[in-house]
Colleague: 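Here it is: the structure, laid out below.
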Amino acid sequence: MSPSLTEKILSQLPGDVLGGLHQGDRLLTSIRENTAPVPTVVKESQQPLEAVDWDVIVCGGTLGILIASALAVKGLRVALMERGILRGREQEWNISRPELEVFVELNLLTTEELEQAIATKYNPARVSFGGGTEIWVEDVLNIGVDPVYLLDTLKTRFLAAGGNLLENTPFAEAIVHPEGVIVNNQYKTKLLIDAMGHFSPITRQARQGKKPDALCLVVGTCAQGFPENTTGDLLLSFTSLENQCQYFWEAFPAKDGRTTYLFTYMDAEPQRLNLAALFEEYLRLLPKYQGVELNQLQFQRALFGFFPTYRQSPIKTPWNRLLTVGDSSGSQSPLSFGGFGAMVRHLKRLTFGINEALQTNQLSAKNLALLQPYQPNLSVTWLFQKAMSVGINQKIAPDQINQLLKAVFQEMQQLGTPVLKPFLQDVVQFSGLTQTLLKTGLFHPGLVAKIIPQVGLLSLFDWIGHYGNLGVYTVLFGLSPMLETWIRSQPSEQQYYWHRLVDAWKYGSGGDYFDF
């Protein structure tokens, strides 16, 4: 058999990229067929534990360095375990500029270092569905952060603050004792933080082999040779349903060329297309998307992965003294890929919350669960994800998803930047959502009627509950300043509880969003 287009292009890249793609597909198959063994890496013991060495051990260095350095700067004794060498990847992380201010606020970077961490900037970005109307927005995910520089700088800050970096030290097991946790039968800590991502063995054990409720598959490349283009694409679709999938595209200028992604939402049925098949689709459609022939491009690197999402998120682990953060916790919305953006968004909240939990000894599973609360503004997006995908045997009009998205985003554009920009940054707010729903229902009743059988009545009723909670959280967060004086008069343990409740209202209502 002659090699596929994917095999031809990926085999030219340095490293075993093709092998990595096949490895990703093997993992994907095991998750879809539910054949992956459930690990037992966390155990419990009632034996007393002698003095602990650390306040916190963080497992998973790439994004764990963010929370580890923030806690070390706070004066806590922190160790960070990384299975390899802690180093950022070559591909930039895209984010919006105001979100980066948290690094300066937490004394992790100086203003000058933050500016140096920014590798690329572009404006504007485009949103478009099925051709035709294009919506252009400024300052959304338009900053490309250099992960190599950022992680090197954070590592320096972490070590200077007394942190201990344990490279080439993969996590193997944790035994939870009443007074602390022993990690890898060697390191003793008051609190263990799991920042090992979607496929963390701790998270897999906590979920007990439950299949994801949905998946997002993403493939892409960074390449040179494109026509000159200083704009980006946030969410773009130019094809109708193919392979029971609606394809979405993203594109960003990068320091080594231009990055383009193809991603799609789907259920976890075994017969769905895999990463290799999606990569072939990406290469087939890329010339039409970017107006360039493949033979004109010089590919720098390939990108691929898949992201499981669970309705029961964030995860509630059953163990004391163990906290999941970032993708391990499932605290991203089912629309976003999580990763860097989700970690940065919650960095300040987690830093202060974890510090307070340690100071007041609130380290039971029940108390730590308050640090990863239910957030209705994330839960409402399940219905949107459902509306942007189609069941494996479901029959809908080929252009139905594009028509709906086009109508919704046109209404959001008319409502203005305060509605459109937060949504594009994965922050759903009650006011913007309500206005969008009313206008869409009023001016496009036929489209809305078609969506109900697509998403199903059960999903719709479930969504109504989350939507109601979004309104309640918005009201409660609006009233929370009235509680501040009263909270300060409470014992420290009660203050911890009330601070977590206010955080839940703030983030669960999108009240953490701000714009310059």
Side-chain angles (χ1 to χ4, degrees), residues 4-10 12-13 17 21 91-92 94 120 122-137 140-142 144 216-266 273-307 335-337 388-390 398-406 408-410 424:
S4 67
L5 206 50
T6 303
E7 288 168 335
K8 280 181 189 169
I9 287 171
L10 297 195
Q12 296 168 15
L13 296 173
V17 183
L21 182 69
Q91 184 62 40
E92 290 107 290
N94 276 83
T120 52
Y122 75 89
N123 260 321
R126 176 173 59 160
V127 177
S128 179
F129 304 101
T133 310
E134 292 182 344
I135 296 169
W136 293 90
V137 292
V140 177
L141 300 182
N142 67 311
C216 178
L217 269 61
V218 58
V219 298
T221 61
C222 181
Q224 296 173 354
F226 290 102
E228 183 65 28
N229 186 353
T230 57
T231 70
D233 290 335
L234 288 177
L235 190 59
L236 183 139
S237 171
F238 62 90
T239 54
S240 52
L241 279 181
E242 299 194 32
N243 298 309
Q244 282 297 91
C245 292
Q246 181 65 61
Y247 296 154
F248 298 103
W249 295 80
E250 275 187 310
F252 304 114
K255 64 177 185 289
D256 320 350
R258 187 169 180 81
T259 302
T260 50
Y261 294 107
L262 165 63
F263 65 95
T264 185
Y265 303 108
M266 60 181 69
L273 82 174
N274 63 9
L275 289 168
L278 189 63
F279 218 112
E280 200 69 14
E281 288 288 272
Y282 163 80
L283 292 170
R284 176 177 72 85
L285 292 166
L286 183 61
K288 184 179 178 184
Y289 171 45
Q290 290 289 308
V292 63
E293 293 303 317
L294 288 181
N295 59 16
Q296 294 175 257
L297 299 177
Q298 300 86 50
F299 291 97
Q300 306 297 304
R301 52 186 169 268
L303 313 143
F304 47 81
F306 67 93
F307 308 92
L335 290 179
S336 75
F337 307 157
M388 292 166 76
S389 60
V390 56
D399 290 320
Q400 182 169 306
I401 294 172
N402 274 338
Q403 286 172 353
L404 175 75
L405 290 170
K406 187 186 291 186
V408 168
F409 274 88
Q410 281 173 354
L424 288 171

Colleague: Would you mind reporting whether Leu303 and Thr259 have side-chain heavy atoms less than 4.5 Å apart?
Modeller: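 In short, these two side chains touch, coming nearer than 4.5 Å.
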Colleague: Please lay out, stage by stage, how Phe279 and Leu10 fare under the test side chain to side chain contact (heavy atoms under 4.5 Å, CB included).
Modeller: CA-CA 10 Å; Phe279 218 112; Leu10 297 195; 3.9 Å; yes
Colleague: With rounding to the nearest 0.5 angstrom, report the CG to OG1 distance, Asn123 to Thr230.
Modeller: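 Result: 9.0 Å between the selected atoms.
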Colleague: Measuring from Gln300:CD to Gln91:CD, what's the distance to the nearest 0.5 Å?
Modeller: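 It is 10.5 Å, given to the nearest 0.5 Å.
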Colleague: Is the closest side-chain heavy-atom distance between Val218 and Tyr282 below 4.5 Å?
Modeller: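 They are not in contact (no side-chain heavy atoms under 4.5 Å apart), so the answer is no.
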Colleague: Is the closest side-chain donor-acceptor distance between Ser237 and Gln246 under 3.5 Å?
Modeller: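 Result is yes, a qualifying pair exists.
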Colleague: Considering residues at least two apart in sequence or located in another chain, which fulfil the salt bridge (charged side-chain N to carboxylate O under 4.0 Å, His left out) criterion with Glu242?
Modeller: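 Expected list: Arg284.
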Colleague: Is there a side-chain contact between Leu405 and Leu235, using heavy atoms and a 4.5 Å cut-off?
Modeller: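 SC-SC contact between Leu405 and Leu235 ruled out.
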Colleague: To check you understand the geometry: which heavy-atom pair defines the closest contact between Pro253 and Thr120, and what is its length?
Modeller: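 Nearest pair, atom of Pro253 first, then Thr120: O-OG1, 3.7 Å.
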Colleague: Parallel under 30°, tilted from 30 to 60°, perpendicular over 60°: which one fits the rings of Phe252 and Tyr261?
Modeller: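 Phe252 and Tyr261: perpendicular rings.
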Colleague: Less than 4.5 Å apart, any side-chain heavy atom of Thr231 and any of Arg126?
Modeller: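 Contact flag for Thr231/Arg126 side chains = no.
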Colleague: Rounded to the nearest 0.5 Å, how far apart are CD of Glu280 and CD of Glu7?
Modeller: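 If I round to the nearest 0.5 Å, the distance is 8.0 Å.
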Colleague: Do Glu281 side-chain atoms and Ala277 backbone N/O form a donor-acceptor pair below 3.5 Å?
Modeller: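 No.
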Colleague: Would you name the heavy atoms of Leu273 and Tyr247 that are closest together and state the gap between them?
Modeller: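 Reported closest heavy-atom pair: CD1-OH, 4.0 Å.
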Colleague: So which atom in Pro227 and which in Val292 form the shortest heavy-atom distance, rounded to 0.1 Å?
Modeller: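 Minimum heavy-atom separation between Pro227 and Val292: CD-CB, 4.1 Å.
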Colleague: Taking the side chain as every heavy atom from C-beta outward, state whether Phe306 and Leu217 have any pair of such atoms under 4.5 Å apart.
Modeller: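 Yes, at least one pair of side-chain atoms sits under 4.5 Å.
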Colleague: Look up atom OG in Ser389 and atom CD1 in Ile401, then write down how far apart they are to the nearest 0.5 Å.
Modeller: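 Those atoms lie 6.5 Å apart.
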Colleague: Rounded to the nearest 0.5 Å, what separation is found between the CZ atom of Phe238 and the CG atom of Leu285?
Modeller: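 The CZ atom of Phe238 sits 4.5 Å away from the CG atom of Leu285.
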Colleague: Test side chain to side chain contact (heavy atoms under 4.5 Å, CB included) on Leu262 and Tyr289 and set out the steps.
Modeller: CA-CA 10 Å; Leu262 165 63; Tyr289 171 45; over 6 Å; no
Colleague: So, do Leu294 and Leu5 sit near enough that their side-chain heavy atoms are less than 4.5 Å apart?
Modeller: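 With C-beta onward as the side chain, the pair touches.
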Colleague: Can you see which heavy atom on Glu250 is nearest to which on Leu234, and at what distance?
Modeller: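 Where Glu250 meets Leu234 most closely, the heavy atoms are CG-O, 3.1 Å.
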Colleague: Give the C-alpha distance, both sets of side-chain angles, the deciding distance and a yes or no for side chain to side chain contact (heavy atoms under 4.5 Å, CB included) between Trp249 and Asp233.
Modeller: CA-CA 7 Å; Trp249 295 80; Asp233 290 335; 5.7 Å; no
Colleague: Under 3.5 Å, is there a donor-acceptor pair between the side chain of Asn402 and the main chain of Thr239?
Modeller: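 Checking the backbone N and O of Thr239 against the side chain of Asn402, a donor-acceptor pair under 3.5 Å is found.
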Colleague: Rounded to the nearest 0.5 Å, how far does CE of Met388 lie from CG of Leu404?
Modeller: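 The distance works out to 9.5 Å.
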Colleague: Got a sec: does the CD of Glu293 have more than 12 other heavy atoms crowding it under 6.0 Å?
Modeller: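 At most 12 heavy atoms, drawn from other residues, nucleotides or ligands, come within 6.0 Å of this atom.
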Colleague: Are any of the side-chain heavy atoms of Phe263 and Leu278 separated by less than 4.5 Å?
Modeller: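 Side-chain contact under 4.5 Å: no.
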Colleague: Does one side chain, of Ser128 or Glu134, offer a donor that lies under 3.5 Å from an acceptor on the other?
Modeller: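 Per modelled atom types, Ser128 and Glu134 side chains form no pair under 3.5 Å.
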Colleague: For Ala276 and Thr6, work out which heavy atoms get closest and say how close.
Modeller: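 Looking at all heavy atoms of both residues, the closest pair is O-OG1, 4.0 Å.
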Colleague: Could you walk me through whether Gln290 and Thr260 pass side chain to side chain donor-acceptor pair (under 3.5 Å), step by step?
Modeller: CA-CA 9 Å; Gln290 290 289 308; Thr260 50; over 6 Å; no
Colleague: Using 30° and 60° as the class limits, which term best fits the ring planes of Phe129 and Phe248: parallel, tilted or perpendicular?
Modeller: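 Phe129 vs Phe248 ring planes: perpendicular.
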Colleague: Which atom pair, heavy atoms only, marks the closest approach of Leu13 to Phe299?
Modeller: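 Minimum heavy-atom separation between Leu13 and Phe299: CD2-O, 3.3 Å.
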